[in-house]
Each structure stands twice: as C-alpha cells, then as structure tokens.
Amino acid sequence: MAGEAAQHGVDLVPVVVLLAAAVVSVPLFRRVGLDSVLGYLAAGLAIGPFGLGLFSDPAAIINVAELGVVMFLFIIGLEMQPSRLWSLRGEILGLGALQVGCCGLLLTGVGMLLGYSASVAFVFGMGFVLTSTAIVFQLLNERGELSTPKGQRIVSILLLEDLAIVPLLAFVAFIAPGAADTGTQSRWLSVAIALGSVAGLVLVGRFLLNPLFRVLARAGAREVMTAAALLVVLGSALAMQLGGLSMAMGAFLAGVLLSESSFRHQLEADIEPFRGILLGLFFLGVGMSLDLDVIARNVGLVAVAVLAFMVVKGLGIYAVARLLRTPHAEALERAVLMAQGGEFAFVLYATAASVGLIDGAVNAVFTSTVIISMVLTPFAMMVLKRLTPPSPQSLDGVEVARDLKGSVLVIGFGRFGQIVSQPLLLRGEDVSIIDNDVDMIRAAADFGFKVYYGDGTRLDILHAAGAEHAKAILVCIDKPDAAMRIVQHVKAEFPLTPLLVRAADRSVAIDLMKAGVDYQIRETLESALLFGRATLDRLSIPQEEAEELMDEVRRRDIERLDLQVVGGFYAGKQLLKGTQPMPAPLAPPRQEGSAGNEAAAAAIGKGATEPEGA
C-alpha cells in the first residue's frame with residue numbers, strides 16, 4: 001500500500017526522515033551542551049549512505065538546502081545598511097584580503113609538502129581558505145555575537161571570501177590542461193558578465209524593489225508578500241549564479257539594497273522560517289556527504305591534511321589578526337572559528353575536476369578533508385571556551401567599591417536601577433551604587449552618575465559597599481540566581497536591614513518571599529497593569545468601573561501570590577480569569593520536587609503559559 005501511495009502522490013518518506021532526524025538529534029545535542037550544528041551533522045551521517053543508508057544522493061540534498069545559506073545571507077544583508085557596509089570597507093578589503101592572501105600562500109605550501117603539484121596544491125589550499133559561512137554564522141548567531149564588533153569583522157572576512165570564489169574559478173580554468181586553447185576572449189567575457197550581473201542587480205534593487213513592495217502592500221495579500229520576498233531572494237541568487245558569481249553574494253546584495261526599506265522587518269519575518277529549515281537541511285547534507293570509504297582508504301593522508309590545514313590556517317589567521325593589533329583573545333577565537341574549510345570549496349574542487357586539473361579520487365580526498373574540518377569546528381570552539389577563561393574587564397577609569405557610607409545601597413544600575421534611584425536622589429538621599437559591568441559604569445558617568453565597581457554576590461564587596469551602614473539595600477540586577485545569592489548574604493549578615501529585590505518573574509517572586517525579603521516586585525508587573533488600564537480607557541470604559549477592575553486584578557494577584565507561597569505554584573489558580581468559559585482542569589500536580597512539576601512551574605513562571613502580571 002505504501003508503494004502504491006508513493007506512485008500516485010508525493011513520496012513523503014524522505015521529507016519525514018529528514019525532519020525526524022533534525023527534531024530528534026538537535027535537542028539531544030543541545031541538552032548535553034553541544035551545538036545544534038553538530039546535531040545536524042551527526043544526524044546526516046546516521047541517515048546517509050554510510051549510516052542507515054536511507055539516502056544515497058546527499059549532493060541533491062545539499063543543492064536544495066544551500067538555499068538556507070542564501071537566505072541567511074539575505075537576512076544578514078537586511079541588517080547591513082549601505083552606510084554600515086561602507087564603514088566596514090577597511091575590514092572587507094584590508095583584513096579580508098590580507099587573511100585570504102596569507103592563508104592561501106601558507107596552505108598552498110602545505111599542499112606541496114603533501115606531495116601535490118603546485119597547481120593542484122593551490123586549488124587544495126585556496127579551497128580550504130574559503131571558510132564555511134553557514135557554520136560560522138550559525139555559531140555566531142547562537143552565541144549572540146553576530147552583531148558585535150568582532151562578529152562584524154568576521155562577517156567582513158566572509159564577504160571577501162565569497163567574492164574571492166569568482167577570480168579563483170577563473171584562475172582554475174586558466175591553469176587547467178588545454179586552457180591555452182580557449183584564448184583570453186572567453187575569460188574576459190565571463191568577467192564582463194559577472195560585473196554586468198552585479199550592476200543589474202544594484203539597479204533593480206535601487207529603483208524597482210521598493211515600488212514593487214509598496215504595490216503589494218496596498219493589495220493587502222500577506223501570502224503574496226511572502227512570495228515576493230522569496231522571489232527577491234531566489235531571483236537575486238539566480239542572477240548572480242548566471243553571472244558566474246556566488247548565489248549567497250546575490251542574496252546578500254539584495255538584502256543590503258532593501259536594508260533601508262520600510263518593509264525590511266516584514267521581509268525578515270517572512271524569510272526566517274524558510275532560512276532555519278533549509279540551513280538545517282544543509283548541515284544534514286554535509287553530514288551525509290562524509291564518504292567513510294574514501295576516508296578509510298586514505299585515512300593517513302586525510303588525517304594529516306585535516307590537522308595540517310586547520311593548524312596552519314589557524315596560525316595564519318591569528319598572525320594576521322595580531323599584525324593588525326587585534327587583542328589576543330579575539331584573534332585566538334577567530335583563528336579557531338575560521339580554521340575550517342567551507343561549502344564553496346566543494347564548488348572550486350568540482351570545477352577543478354570538471355576541467356581535468358584533478359581526478360575523482362583526489363576530489364574525494366579534498367572534499368573529505370573540508371567536511372571533517374567543518375565537523376571539528378564546533379568541537380574546537382567548545383574546547384577553546386573551556387580552556388580560556390573569560391577576558392578580565394579593564395578597570396581603567398573605574399573606581400572599586402571601598403569604604404562606602406551611603407544610607408541606601410543600590411546593587412545593579414541597569415534600566416531598572418536607574419529609574420529606582422531617581423526619587424531617592426531627588427530627595428537628597430546618600431545613595432551608593434555598585435555594578436560589575438565596566439562599560440555600563442563608564443556610560444553612567446557620562447550622565448552624571450557615580451557608580452562603583454563591585455560584585456554584589458560577594459560578601460566582602462557588600463561590606464566594602466557599606467551594607468552594614470545602609471538603611472535599605474536595593475537589589476536591582478536581572479539575574480535571579482545572583483539576586484538570590486545576594487539575598488542569602490544580606491539575610492545572614494545584615495538581617496535587620498530592609499531588603500528590596502527586583503524579581504524577574506512570578507516564580508522568582510515566590511522564592512524571594514520565602515527567603516524573607518521585605519519587598520519584591522516583578523519587573524513587568526506595574527507596566528503591564530498600567531498598559532491594561534490604558535486599554536480600558538481606549539475602550540471608553542467608565543473611569544469608576546475601570547478603577548474597580550484594576551483594583552480587583554491587584555487583589556486577585558496578591559491573594560494568589562500569598563496562596564502560592566504556602567501551597568505551591570498551582571495554588572490559587574481559580575483566581576485567574578481564563579479565556580475559556582469553563583477552563584479545563586490542569587493536570588494533577590505531581591509530587592513535590594518531581595521533574596515534570598518543576599518544568600511546568602518554570603514554564604508558567606517565565607510567562608510561557610500565563611501573562612507575567614497574572
């Protein structure tokens with residue numbers, strides 16, 4: 001029956017297998033502290049030709065899933081306004097070109113030491129220079145570093161590497177056997193076509209895309225806007241591909257051209273789901289492509305090549321970074337992150353094979369070397385993170401808390417602490433403020449605040465900050481675990497000092513009440529109540545009725561919180577006004593301390609099921 005169904009409809013088995021592999025592997029790897037990229041790669045190896053054998057043509061998967069990389073570059077382009085891109089020109093043309101050139105020379109030398117001719121070693125080395133954009137972007141994105149200055153420098157290098165594929169492909173054709181017979185005319189024609197593709201895309205993006213989206217927006221058809229977003233991404237990628245350039249570069253240019261459009265956020269929202277799924281499929285395809293037979297036959301050569309290329313490329317990247325006065329920690333991290341080969345190496349090696357510069361066996365060895373380096377990169381980053389301690393903050397121009405005597409001690413001076421301090425300062429109270437974020441302390445000084453450096457979770461710092469002299473201690477930090485440690489220190493050492501604490505959510509508020517703090521407040525409670533009150537006003541609810549409603553909300557909230565402190569997280573749930581006429585009963589609470597009960601409580605406490613102000 002299954003075979004007959006497959007003959008009369010779409011064969012869903014491959015789709016289901018791919019999705020199931022991703023759904024099962026990625027959460028498992030994330031649960032044990034590994035990157036999602038490793039989960040995809042391992043799943044691809046498991047279901048590929050050298051695992052369970054559920055797929056026999058991983059190249060087909062990669063060809064489709066490469067669109068995930070294309071869409072990722074489009075989203076990056078949306079964040080890169082032309083002015084911002086222009087400000088990175090030094091990094092792109094300077095840092096990027098210097099790194100590609102130096103690493104290319106070093107890796108060509110390594111290839112020759114491995115026994116290859118100069119031309120073949122050049123192809124091997126230059127292919128390995130082209131770092132995996134997909135893996136680097138994914139790792140930076142997961143760590144929240146994509147928009148940081150060091151992340152932007154890496155993006156600049158990757159852009160230059162994407163551009164480098166064009167002259168590299170032309171050079172491979174030039175040095176191929178029999179290339180002299182083709183003449184220079186066709187090569188110059190290829191260059192002209194590539195430049196024409198870029199110019200055409202820029203013109204279309206500048207003069208046609210915004211008017212197009214304005215027309216579609218007036219039509220009010222959401223699905224058409226999504227289709228138009230996909231059309232822009234895929235169309236620009238196709239234009240660059242036809243011009244002999246990188247599809248990802250085309251999508252990036254389209255994103256840059258739309259980065260100042262009023263439709264930018266809408267486009268990003270429309271593309272993001274497709275990007276995530278396809279990028280995951282790309283990593284699955286890379287895992288499937290790991291040819292274990294080739295590795296087994298050439299295990300010594302592949303192992304030496306992977307080790308030599310990654311080490312030499314990493315050293316080259318580190319040397320270039322330090323030459324340009326990059327701090328040691330950033331240079332080391334960049335070297336480890338970019339010491340791998342990338343997906344554009346597959347294109348370069350395939351081209352070299354098609355023109356007769358290398359044979360199929362050599363191509364397989366080169367490709368396996370790159371894939372293994374891609375697989376090793378997330379592991380290398382985890383090792384680096386464990387071996388290198390966090391960079392110490394420079395305390396230049398920052399005063400450490402010592403012998404403070406303020407009547408009020410404020411711990412944490414972010415947005416919450418800044419607002420809390422205002423009525424105290426207006427009244428003329430002697431307020432001592434400590435924080436452990438050096439950048440924030442320096443920024444606060446520009447606005448006339450004296451903030452001392454100090455970690456409130458340390459008892460010696462609390463003494464140095466004058467906690468024993470304070471009439472009140474205000475804990476305004478946004479990290480619940482750290483706040484609870486401060487509470488424990490204060491209650492043990494200064495039990496008579498009033499202690500007021502910011503709570504991240506309802507579950508934290510309950511823990512603080514149990515710990516005996518004098519006052520706690522959920523950080524979004526009052527703003528949410530004011531928001532609800534303003535909504536009643538906009539609905540023309542009479543003022544007296546609106547006040548009664550808000551008083552009732554507050555009364556229910558306080559009563560429920562008191563019940564939860566005594567009876568557990570599910571106590572007082574009848575005080576919540578649900579959206580169903582007759583709410584279905586919740587699942588019976590499990591025994592105290594059970595994993596399921598804790599998980600549910602954490603989810604609700606963080607607002608996953610109930611509103612924060614509820």
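Heavy atoms only, all atoms of each residue included: Ala515 and Val487 are closest at CB-CG1, 3.9 Å. Scanning both residues, Gln340 and Ser132, for their nearest heavy atoms gives OE1-CB, 3.3 Å. The heavy-atom pair separating Val501 from Ala483 by the smallest distance is CG1-CB, 4.4 Å.
By the 6.0 Å contact criterion, CD on Glu544 is open, its count of non-hydrogen atoms from other residues, nucleotides or ligands being 12 or less. Heavy atoms of other residues, nucleotides or ligands lying less than 6.0 angstrom from CD of Gln543 number 12 at most.
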Under 3.5 Å, which donor-acceptor pairs link side chains of residues 489-500 to any protein atom two or more places apart or in another chain?
| unit_1 | atom_1 | unit_2 | atom_2 | d |
| --- | --- | --- | --- | --- |
| His489 | NE2 | Thr457 | O | 2.9 |
| Lys491 | NZ | Gly516 | O | 3.1 |

Enumerate donor-acceptor pairs with a distance under 3.5 Å from any side-chain N or O in residues 315-328 to protein atoms, sequence neighbours excluded.
| unit_1 | atom_1 | unit_2 | atom_2 | d |
| --- | --- | --- | --- | --- |
| Tyr318 | OH | His328 | ND1 | 2.7 |
| Arg322 | NH1 | Thr326 | O | 2.8 |
| Thr326 | OG1 | Ala321 | O | 3.0 |

Table please: side-chain donor-acceptor pairs of residues 459-482 below 3.5 Å, with sequence neighbours left out.
| unit_1 | atom_1 | unit_2 | atom_2 | d |
| --- | --- | --- | --- | --- |
| Asp460 | OD1 | Arg458 | NE | 3.2 |
| Asp460 | OD2 | Arg458 | NH2 | 2.7 |
| His469 | NE2 | Lys405 | NZ | 3.4 |

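Side-chain atoms of Gln99 and Leu160, non-hydrogen and from C-beta on, never get closer than 4.5 Å to each other. Residues Leu158 and Glu161 are in side-chain contact: their nearest non-hydrogen atoms beyond the backbone lie under 4.5 Å apart. A heavy-atom distance below 4.5 Å is found between the side chains of Arg334 and Ile154. In this structure, Tyr452 and Val400 have side chains that are not in contact, with every pair of non-hydrogen atoms separated by 4.5 Å or more. Contact check for Arg506 versus Asp557: side-chain heavy atoms found under the 4.5 Å cut-off. Within the 4.5 Å cutoff, side-chain heavy atoms of Val508 are placed close to those of Leu512. The shortest distance between side-chain heavy atoms of Lys313 and Thr131 falls below 4.5 Å. In this structure, the side chains of Glu333 and Met381 come closer than 4.5 Å at one or more pairs of heavy atoms.
Checked against side-chain hydrogen bond (donor to acceptor under 3.5 Å, both in side chains), Arg485 has no partners two or more places apart in sequence or in another chain. Evaluation of the salt bridge (charged side-chain N to carboxylate O under 4.0 Å, His left out) rule for Asp537 yields Arg533 as partners, not counting sequence neighbours. Checked against side-chain hydrogen bond (donor to acceptor under 3.5 Å, both in side chains), Ser407 has the following partners two or more places apart in sequence or in another chain: Glu429. Residues that satisfy the side-chain contact (heavy atoms from CB on, under 4.5 Å) test with Leu539, not counting sequence neighbours, are Thr535, Ile541. Under the side-chain hydrogen bond (donor to acceptor under 3.5 Å, both in side chains) criterion, Lys385 pairs with no residue, sequence neighbours left out. Every residue meeting the side-chain contact (heavy atoms from CB on, under 4.5 Å) condition with Ser25, not counting sequence neighbours, appears here in chain and number order: Ala43. With sequence neighbours excluded, the residues forming a side-chain hydrogen bond (donor to acceptor under 3.5 Å, both in side chains) with Arg555 are Glu552, Glu559, listed by chain and number.
Atom OH of residue Tyr453 and atom CG of residue Asn436 lie 5.5 Å apart, to the nearest 0.5 angstrom. Rounding to the nearest 0.5 angstrom, the gap separating the CG atom in Leu563 from the CZ atom in Arg560 is 9.5 Å. Residue Leu424 holds its CG atom at 11.0 Å from CG of Asp430, rounded to the nearest 0.5 Å. Within the model, atoms CG of Asp505 and CG of Leu525 stand 12.0 Å from one another, a figure rounded to the nearest 0.5 Å. To the nearest 0.5 Å, atom CZ of residue Phe413 and atom CG of residue Asp437 are 12.5 Å apart. A distance of 4.5 Å separates CD1 of Ile486 from CD1 of Ile411, quoted to the nearest 0.5 Å.
For residues 510-563, the set of pairs meeting the ring-ring contact (aromatic ring centres under 6.0 Å, His included) definition, not counting sequence neighbours, is empty. Counting only residues at least two apart or in different chains, ring-ring contact (aromatic ring centres under 6.0 Å, His included) contacts with residues 416-438 are absent.
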- request: Evaluate side chain to side chain contact (heavy atoms under 4.5 Å, CB included) for Val565 paired with Lys514, printing each intermediate quantity in order.
  value: CA-CA 7 Å; Val565 172; Lys514 291 180 179 180; 4.0 Å; yes

- request: Show your working on side chain to side chain contact (heavy atoms under 4.5 Å, CB included) between Val336 and Val383 and close with a plain yes or no.
  value: CA-CA 10 Å; Val336 175; Val383 171; over 6 Å; no

- request: Let me see the working for Arg522 and Leu561 under side chain to side chain contact (heavy atoms under 4.5 Å, CB included), right down to the final yes or no.
  value: CA-CA 12 Å; Arg522 278 116 62 201; Leu561 199 60; 4.0 Å; yes

message: Could you go through Ile434 and Leu404, starting from their C-alpha distance and side-chain angles, then the distance that decides it, and tell me whether this counts as side chain to side chain contact (heavy atoms under 4.5 Å, CB included)?
response: CA-CA 10 Å; Ile434 65 172; Leu404 305 184; 4.3 Å; yes

